[in-house]
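None of the values given here were measured: they were computed from a predicted structure. In this chain, residues are counted from 1 in sequence order.
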Amino acid sequence: MCGIAGWVSFDEDPRRQVPVIERMTASLALRGPDASGIWCGPYAALGHRRLAVLDLEGGVQPMTAGPEGAEVVLSYSGEVYNHEELRTELRRRGHDFRTRSDTEVVLRAYQEWGDALTDRLEGMYAFAVWDSERQRLLLVRDRLGVKPLHWARIPGGLVFGSEPKALFAHPAVRPRVDADGLRAAYSLLFSTGPTLWAGVREVEPGGITVLDRGGVTERRYWQLEARPHTDGPEETVEEVRSRLDRAARAQLAADVPRCTLLSGGLDSTVLTALLADELRLREGPEARLRSYAVDYSDQAERFTGDVLRTGHDTPYATEAGAFIGTDHSTVVLDPRTLLDPEHRTAVVAARDSPIGVGDMDTSLYLLFGEIAQHSTVALSGEAADEVFGGYPWFHSPRALAADTFPWLLVTGDEAAMPLHPDLADTLAIGAFQRDTYRDALAAVPHLDGESPVQHRQREMQHLSLTRWLRQLLHRKDRLSMAQGLEVRVPYCDHRLVEYAFSTPWELQSSDGREKSLLRAVGTGLAPHSVLHRAKNHYPATHHPDYNRGLQDMARDALGAHGGTVRDLVDERAIKPCLDTDPARLEWGDRLRLERVVDLALWLGHHRPELVL
């Protein structure tokens with residue numbers, strides 16, 4: 001897992017600006033603490049920061065192949081899980097390999113198949129290929145968008161990087177935010193393509209961006225399709241089990257210590273059980289997989305249910321670890337540490353965005369820091385709710401009938417932070433949400449003859465997989481990589497996603513509950529209490545001291561940066577949240593305060609030019 005950066009310009013020679021590519025690469029040092037490298041040619045410069053996971057000695061980047069002057073140069077981030085199969089095929093086709101790395105497999109695959117290599121890759125990845133002979137740059141992102149990749153036009157070409165901060169290290173790209181960027185951010189619609197930052201775009205999940213002397217072109221090599229489903233109930237469960245098991249086995253491969261994130265929910269428990277079984281097959285019956293959960297020092301005494309949380313995770317995670325036989329640890333955080341400005345600023349810097357979930361982001365960042373002291377790779381249950389219909393909106397009559405994105409019924413309009421009335425008028429977020437929702441529905445594939453129930457549930461699943469999931473993957477990538485930890489997400493295996501998306505809803509909800517298919521797969525893999533536990537979201541602290549400290553930070557934030565925060569926030573709507581008894585501060589009001597604090601930290605760290 002790594003960070004990539006670079007630029008191409010047909011107007012100038014990057015070899016005369018080596019310090020620029022060095023600065024761009026250095027901006028991603030947290031993503032790759034183990035090594036750094038650059039390559040410069042007549043029209044292109046590529047940089048790489050490495051977190052060594054596979055072939056620790058041989059996977060140095062940028063990696064080149066071909067004669068000098070006609071090199072193919074690769075800067076690559078991610079993991080291609082079928083690299084051994086591809087290596088075997090490429091050897092049959094005459095390619096020689098210098099390393100065991102999946103990086104070299106991607107490089108040789110481009111030499112053999114060109115852009116069509118994307119059809120053969122299985123995994124999570126974002127990479128850049130500079131083809132010196134063709135004077136052509138290829139940017140590629142994995143199908144679900146697990147790994148990030150951003151780019152922006154510059155005179156004579158473009159600049160790219162894993163994160164926007166790498167682009168801002170180039171003198172031609174400024175951190176600039178306009179009304180379109182704030183509208184995209186605060187609408188909570190999680191589109192890809194345009195970003196918060198003016199002029200900065202993301203390569204689409206399952207997308208390719210190409211630059212040559214003719215300009216820039218973008219296209220998709222993969223997207224969700226609705227396909228006829230002919231398997232019966234038992235066959236469907238077996239096929240889901242087979243695909244999930246295959247994904248888990250493939251993603252266990254690494255030359256560094258591995259672990260799982262075990263929350264005590266259905267998703268992480270089933271995944272951990274499959275991984276633990278595979279590890280014992282590979283390393284012997286005594287092999288024990290590490291697993292981690294997070295908790296707060298006040299949680300056992302102060303847990304309070306809210307709109308997202310139904311119970312305390314730790315007892316379930318402990319039971320699941322014992323049932324599976326993992327070496328399980330619970331990282332216990334003092335809620336007061338979540339107020340540390342150093343931690344909060346590090347999180348905002350990692351996100352490159354003011355939009356987050358406050359203490360939940362900070363606690364995840366701290367959890368990853370603890371895990372990274374013992375493991376370099378962690379496997380997570382992310383995406384199971386999107387794949388198997390786990391969210392309440394799949395089952396709520398109100399959400400199913402609503403003419404809007406279903407998560408907005410939970411988060412509220414304007415991202416749970418009222419905007420200043422003048423800014424709200426400018427952004428017109430409500431109209432933007434309505435227009436975007438219509439466009440999003442138009443993109444959902446359907447089969448002829450679908451029942452109204454199936455038709456609507458396919459819409460809900462498509463919206464969840466192509467929008468809601470994107471911000472969860474963004475959060476997990478940025479916060480883990482900021483701590484030098486690679487997080488893998490087997491439920492994002494595209495073959496599993498494709499199969500589940502085409503499975504009829506009556507099979508997805510056969511027991512009248514959420515995630516029926518996954519629960520059936522989990523029989524025998526998870527304890528009964530976990531198998532039948534209600535959906536629970538990532539934990540949050542309920543300590544009044546945290547709420548009180550957050551209120552103090554929000555008061556300070558409102559006065560920060562010469563009144564800029566007050567120009568963006570509706571202070572009158574925030575005031576009741578500041579005056580509430582800390583012990584009675586509700587989740588929605590607290591989120592508003594979190595957003596105010598993060599906005600001030602973002603303005604202070606990134607110093608964006610606001611053009612509104």
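A donor-acceptor contact shorter than 3.5 Å links the side chain of His150 to the backbone of Ser162. Arg49 contributes a side-chain N or O that, together with a main-chain N or O of Gly32, makes up a donor-acceptor pair within less than 3.5 Å. No donor-acceptor distance shorter than 3.5 angstrom exists from the side chain of Arg143 to the backbone of Gly206, with no hydrogens or angles considered. Judged purely by atom type and a 3.5 angstrom limit, His48 uses its side chain to pair as donor or acceptor with the backbone of Tyr76. For the pair Asp55 (side chain) and Arg100 (backbone), a donor-acceptor distance under 3.5 Å is present. The closest donor-acceptor contact from the side chain of Thr118 to the backbone of Asp115 lies under 3.5 Å. The main-chain N or O of Leu364 is found under 3.5 Å from a side-chain atom of Tyr538 such that the two form a donor-acceptor pair. Put simply, the side chain of Arg288 gets close to the backbone of Thr326: a donor and an acceptor are under 3.5 Å apart. Under the 3.5 Å distance criterion, the side-chain polar atoms of Asp131 are left unmatched by any main-chain donor or acceptor of Gln135. Between the side chain of Gln461 and the backbone N or O of Val387, at least one donor-acceptor pair lies under 3.5 Å.
We find that Lys147 and Glu79 are not joined by a salt bridge, their nearest charged nitrogen and carboxylate oxygen being 4.0 Å or further apart. Taking a cutoff of 4.0 Å between a charged side-chain nitrogen and a carboxylate oxygen, Glu283 and Arg258 qualify as a salt bridge. Between Arg219 and Glu204 no salt bridge is recorded (no basic side-chain N to carboxylate O distance below 4.0 Å). Remark: Arg344 does not engage Asp361 in a salt bridge, criterion side-chain N to carboxylate O under 4.0 Å. A salt bridge links Lys165 to Asp352: at least one charged side-chain nitrogen sits closer than 4.0 Å to a carboxylate oxygen. Comment: Arg16 does not engage Glu12 in a salt bridge, judged by the lack of any side-chain N to carboxylate O separation of less than 4.0 angstrom. A salt bridge is defined here as a Lys NZ or Arg NE, NH1 or NH2 lying under 4.0 Å from an Asp or Glu carboxylate O, and Asp96 with Arg108 fails to meet this definition.
Under a cutoff of 6.0 Å and an axis angle of 45°, Arg213 and Tyr43 form a cation-pi pair. A cation-pi contact, defined as under 6.0 Å to the ring centre and within 45° of the axis, links Arg120 to Trp113. Under a cutoff of 6.0 Å and an axis angle of 45°, Arg87 and Phe97 form a cation-pi pair.
Looking at heavy atoms from C-beta onward, Arg134 lies out of side-chain contact with Asp212 at the 4.5 angstrom threshold. Leu463 is not listed as a side-chain neighbour of Trp468, based on a closest heavy-atom distance of 4.5 Å or more. Within the 4.5 Å cutoff, the side chain of Arg31 has no heavy atoms near those of the Ile4 side chain. Counting heavy atoms from C-beta on, the side chains of Arg475 and Met360 come closer than 4.5 Å. Counting only heavy atoms from C-beta outward, the side chains of Phe127 and Leu139 never approach each other to under 4.5 Å. Looking at heavy atoms from C-beta onward, Val256 lies in side-chain contact with Leu56 at the 4.5 angstrom threshold. When side chains are defined from C-beta on, Ser36 does not count as touching Arg50, because their heavy atoms never get closer than 4.5 Å. Two residues are said to be in side-chain contact when any heavy atoms from C-beta on lie closer than 4.5 Å; Tyr125 and Val80 meet this criterion.
Glu85 CD: more than 12 foreign heavy atoms inside a 6.0 Å radius.
Rounding to the nearest 0.5 angstrom, the gap separating the CG atom in Asp477 from the CG atom in Leu472 is 12.5 Å. Note: Arg93 CZ to Leu86 CG = 10.5 Å, rounded to the nearest 0.5 Å. Distance check, rounded to the nearest 0.5 Å: CD of Glu278 to CG of Leu281 gives 5.5 Å. In this structure, the separation between CG on Leu51 and CD on Gln483 is 12.0 Å, given to the nearest 0.5 Å.
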* List the steps, then state whether side-chain hydrogen bond (donor to acceptor under 3.5 Å, both in side chains) holds for Ser132 with Trp130. => CA-CA 6 Å; Ser132 300; Trp130 171 247; 3.2 Å; yes
* Candidate pair His328 and Ser291, rule side-chain hydrogen bond (donor to acceptor under 3.5 Å, both in side chains), full reasoning -> CA-CA 5 Å; His328 185 70; Ser291 63; 2.7 Å; yes
* To do: Check the pair Tyr491 / Asp385 against side-chain hydrogen bond (donor to acceptor under 3.5 Å, both in side chains), numbers first and verdict last.
  => CA-CA 9 Å; Tyr491 287 108; Asp385 286 307; over 6 Å; no
* Please test Ser480 against Glu486 for side-chain hydrogen bond (donor to acceptor under 3.5 Å, both in side chains), starting from the C-alpha separation and ending with a verdict. => CA-CA 6 Å; Ser480 63; Glu486 174 183 302; over 6 Å; no
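Using modelled atom types and a 3.5 Å distance limit, the side chains of Gln17 and Trp7 yield no donor-acceptor pair. Side chains of His95 and Glu112: a donor on one and an acceptor on the other come within 3.5 Å.
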Using distance only, find each side-chain donor-acceptor pair of residues 369-381 under 3.5 Å and give its atom names and separation, not counting sequence neighbours.
| residue | atom | partner | partner atom | Å |
| --- | --- | --- | --- | --- |
| Ser380 | OG | Glu382 | N | 3.3 |
| Ser380 | OG | Lys476 | NZ | 3.0 |

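Taking the six-membered ring for Trp and the full ring otherwise, the centers of Trp197 and Trp602 sit less than 6.0 Å from each other.
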